[in-house]
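Both ligands and their constituent atoms are indexed starting at 1 by order of listing. Position 1 is the first residue of the sequence, and the numbers go up from there.
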Amino acid sequence: MSHLKRILVTGGAGFLGSHLCERLVEQGHDVICLDNFFTSQKSNVMHLLNLPNFELIRHDITQPIFLEVDEIYNMACPAAPGHYQYNPIKTMKTSVLGAVNTLGLAKRCRAKILQASTSEVYGDPEVHPQPETYKGAVNTLGTRACYDEGKRAAETLFMDYYRMNSVNIRIVRIFNTYGPRMHPFDGRVVSNFIRQALDGDDLTIFGDGSQTRSFCYRDDLIEGILRMMNGPDTLIGPVNLGNPNEFTILELAKIILELTQSSSKLVYSPLPADDPTQRQPDIRLAQKHLAWEPRILLREGLQKTIDWFRSIRLNEYRPPTPNY
Ligand code: NAD
Ligand code: UDP
């Protein structure tokens with residue numbers, strides 16, 4: 001059938017990538033999942049391995065790869081602060097060389113290519129909520145810069161391949177997304193709080209907990225990514241994808257304590273450097289051009305995530321490999 005495509009998902013074994021692979025496999029496409037398993041494991045895609053339209057390649061996207069594909073979703077990059085700061089030089093290489101290699105592949109194959117960019121390109125934003133036109137306030141020298149600047153450089157490469165080589169690109173800027181299959185030890189706030197609440201450990205609030213984030217459930221996010229890839233070629237982005245419902249970190253902690261019926265206490269420690277004080281997506285572009293908006297409320301999404309955390313065995317997850 002002509003609408004079926006050969007699709008490469010880099011970072012396809014990760015939290016978002018594995019769900020994207022699932023959706024694409026369900027649609028009947030031939031899916032190639034590429035991953036070096038830095039922040040993920042084979043178990044995330046185990047259920048897909050026996051399917052005739054799914055293939056798994058262990059490969060590091062900082063190295064070129066020769067494939068024949070129609071579409072590329074470039075998701076490969078550690079996303080949690082603890083993961084991307086583990087080896088910051090490698091993080092920058094993954095974003096920049098990963099973009100060069102996937103864009104080169106897209107150019108050769110005439111494939112359409114989508115970049116998973118991030119709200120971190122806005123840094124610690126002075127404009128609230130953040131529209132796509134806001135140019136951002138990133139500290140180029142800080143410990144988050146390896147990720148923020150890597151993703152900004154990747155956006156630049158996408159735009160230059162579009163202008164110079166007519167590569168058919170898409171850029172989405174993803175805001176904090178959570179859900180089942182997020183790495184339980186990634187250090188992100190949702191995974192930390194749920195794990196701590198279920199174990200009866202103290203919930204670790206950084207700063208006074210007044211900083212805000214807007215949390216999007218993974219199914220909503222993946223739907224937005226698919227709509228963007230399949231949207232009009234004139235809509236190259238960047239387009240924000242996220243849930244505009246904004247919460248303080250303290251509010252999040254209290255909701256998780258309530259949903260888990262945990263009697264864990266809150267403990268406070270200093271706010272990490274350059275930690276954004278506020279973050280909320282302006283999603284009017286996605287609403288207007290993709291007819292997309294999130295549907296899952298925070299409590300509903302958290303409940304599904306808590307149920308998943310209860311169902312897994314934590315000793316089957318390991319932190320990033322030390323020789324990465
Ligand atoms: P994740 O860490 O679960 O997934 C990233 C995947 O990329 C992992 O499977 C990892 O092993 C793989 N990877 C890392 N470096 C690689 C390399 N050099 N070569 C090949 N594979 C490599 O994180 P996620 O939350 O699923 O994020 C997926 C993408 O979405 C990332 O690009 C991230 O920057 C972006 N994003 C995510 C969020 C979020 O809230 N989850 C927010 C903004 C942007
Ligand atoms: N945070 C926290 N306790 C934790 C982990 C994170 O208070 O155990 C805070 C963190 O300082 C930040 C917010 O929660 O203000 C979101 O952090 P996360 O690492 O999930 O994502 P990001 O900072 O990249 O948005």
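Between R313 and E316 there is a salt bridge, since at least one side-chain N of the basic residue sits less than 4.0 Å from a carboxylate O of the acidic one. Note on D30 versus R6: no salt bridge recorded, every NZ/NE/NH1/NH2 to OD/OE distance being 4.0 Å or above. Taking the charged nitrogens against the carboxylate oxygens, E223 and R23 do have a contact shorter than 4.0 Å, which makes a salt bridge. Ion pairing between a basic and an acidic side chain is recognised when a charged N comes within 4.0 Å of a carboxylate O; R284 and E293 show no such pairing. With respect to the salt-bridge test (charged N to carboxylate O, under 4.0 angstrom), the residues D160 and R163 qualify. Salt bridge annotation for E120-R144: present, with a cationic side-chain nitrogen under 4.0 angstrom from a carboxylate oxygen. The existence of a salt bridge linking D60 and K90 is confirmed by a sub-4.0 Å separation between a basic side-chain nitrogen and an acidic carboxylate oxygen. Under a 4.0 Å N-O distance rule, the pair R213/D275 qualifies as a salt bridge. R299 and E258 are joined by a salt bridge, as a carboxylate oxygen and a charged side-chain nitrogen come within less than 4.0 angstrom of each other.
The closest side-chain donor-acceptor pair between S191 and D186 falls under 3.5 angstrom. Judged by distance alone, the side chains of S18 and R181 do bring a donor and an acceptor atom under 3.5 Å apart. With 3.5 Å as the limit, one finds a donor-acceptor pair spanning the side chains of R173 and Y122. When only modelled atom types and interatomic distance are considered, N74 and Q115 share a side-chain donor-acceptor pair under 3.5 Å. For Q196 and T204, the side-chain atoms include at least one donor-acceptor pair closer than 3.5 Å. In this model, no donor atom of one side chain and acceptor atom of the other lie less than 3.5 Å apart for H83 and Q85. Counting only N and O atoms by type, the side chains of N243 and S214 include no donor and acceptor under 3.5 Å apart. If you check the side chains of Q27 and H3, you find no donor sitting under 3.5 Å from an acceptor.
Relative to atom 40 (O) of ligand 1, the option among T177, I61, L16 with the closest non-hydrogen atom is T177. Taking each of L34, N87, D35, L221 in turn, the one with a heavy atom nearest to atom 9 (O) of ligand 1 proves to be D35.
Near N176, with a cut-off below 4.0 Å to any heavy atom, the atoms of ligand 2 are 21 (O), 22 (P), 25 (O). The distance from ligand 1 to the heavy atoms of A13 drops below 4.0 Å at these ligand atoms: 9 (O). Here is the list of ligand 2 atoms found below 4.0 Å of a heavy atom in N192: 4 (C), 5 (C), 8 (O). Which parts of ligand 1 touch G14 is read off a 4.0 Å heavy-atom cut-off, strictly below it: atoms 3 (O), 4 (O), 8 (C), 9 (O). Remark: ligand 1 atoms within the under-4.0 Å shell around heavy atoms of H59 are 19 (N), 20 (C). Atoms of ligand 2 lying under 4.0 Å from any heavy atom of P81, numbered from 1 in the order shown and given with element: 19 (O), 24 (O). Of all the atoms in ligand 1, the ones that sit under 4.0 Å from a non-hydrogen atom of F37 are 11 (O). Remark: ligand 2 atoms within the under-4.0 Å shell around heavy atoms of G187 are 5 (C).
An N or O contact shorter than 3.5 Å is missing between I205 and ligand 2 by distance. Between V189 and ligand 2, at least one pair of N/O atoms sits closer than 3.5 Å. Polar contact with ligand 2: absent for Q196 (N/O pair, distance under 3.5 Å). Some N or O of T39 is nearer than 3.5 Å to an N or O of ligand 1, by distance alone. Note: no N/O pair closer than 3.5 Å links S119 and ligand 1 by distance alone. In terms of polar-atom proximity, defined here as any N/O pair under 3.5 Å, S40 does make such a contact with ligand 1. Polar contact check, I174 against ligand 1: no nitrogen or oxygen pair lies under 3.5 Å apart. Below 3.5 Å of separation, one finds no N or O of Y84 facing any N or O of ligand 2. Checking only distances, K90 never comes within under 3.5 Å of ligand 1, N or O to N or O.
The aromatic rings of W308 and Y317 lie perpendicular to each other, with more than 60° between the two planes, well past the 30° mark. A parallel orientation is assigned to the rings of Y147 and Y84, their planes being inclined by less than 30° (bins at 30° and 60°).
Here the protein heavy atom with the shortest distance to atom 4 (C) of ligand 2 is T204 O, 3.3 Å. In terms of protein heavy-atom proximity, atom 15 (O) of ligand 2 is nearest to D275 OD1, 2.6 Å. What sits closest to atom 5 (C) of ligand 2 on the protein, heavy atoms only, is F206 CE1, 3.4 Å. Scanning the protein heavy atoms around atom 16 (C) of ligand 2, the nearest turns out to be R213 NE, 3.6 Å. Looking from atom 9 (C) of ligand 2 to the surrounding protein, the closest heavy atom is Q211 NE2, 3.8 Å.
Residue R279 places a heavy atom less than 4.0 Å from ligand 2. Ligand 2 does not have G82 within reach: every non-hydrogen atom of the residue lies 4.0 Å or more from it. Residue contacts with ligand 2: A80 is excluded, as none of its non-hydrogen atoms falls under 4.0 Å. Put simply, part of M75 is less than 4.0 Å from ligand 1, judged by heavy atoms. Note on ligand 1: D60 sits in its first shell, one or more heavy atoms being nearer than 4.0 Å.
Residue contacts with ligand 2 for R144 involve side-chain atoms from C-beta outward but no N, CA, C or O (heavy atoms, distance under 4.0 Å). Under 4.0 angstrom from ligand 1, there are no non-hydrogen atoms of K93. Residue contacts with ligand 1, taken as heavy atom pairs separated by less than 4.0 Å, involve S117 solely via the backbone atoms N, CA, C and O. Under 4.0 angstrom from ligand 1, the non-hydrogen atoms of Y147 all belong to its side chain. Only backbone heavy atoms of N176 (N, CA, C or O) come within less than 4.0 Å of ligand 1; its side chain stays farther off. When heavy-atom distances to ligand 1 are checked against a 4.0 Å cut-off, K151 comes that close only through its side chain, counted from C-beta outward. With a heavy-atom cut-off of 4.0 Å, R188 touches ligand 2 through backbone and side chain alike.
Between the side chain of R195 and the main chain of F185, no donor-acceptor pair closer than 3.5 Å is present.
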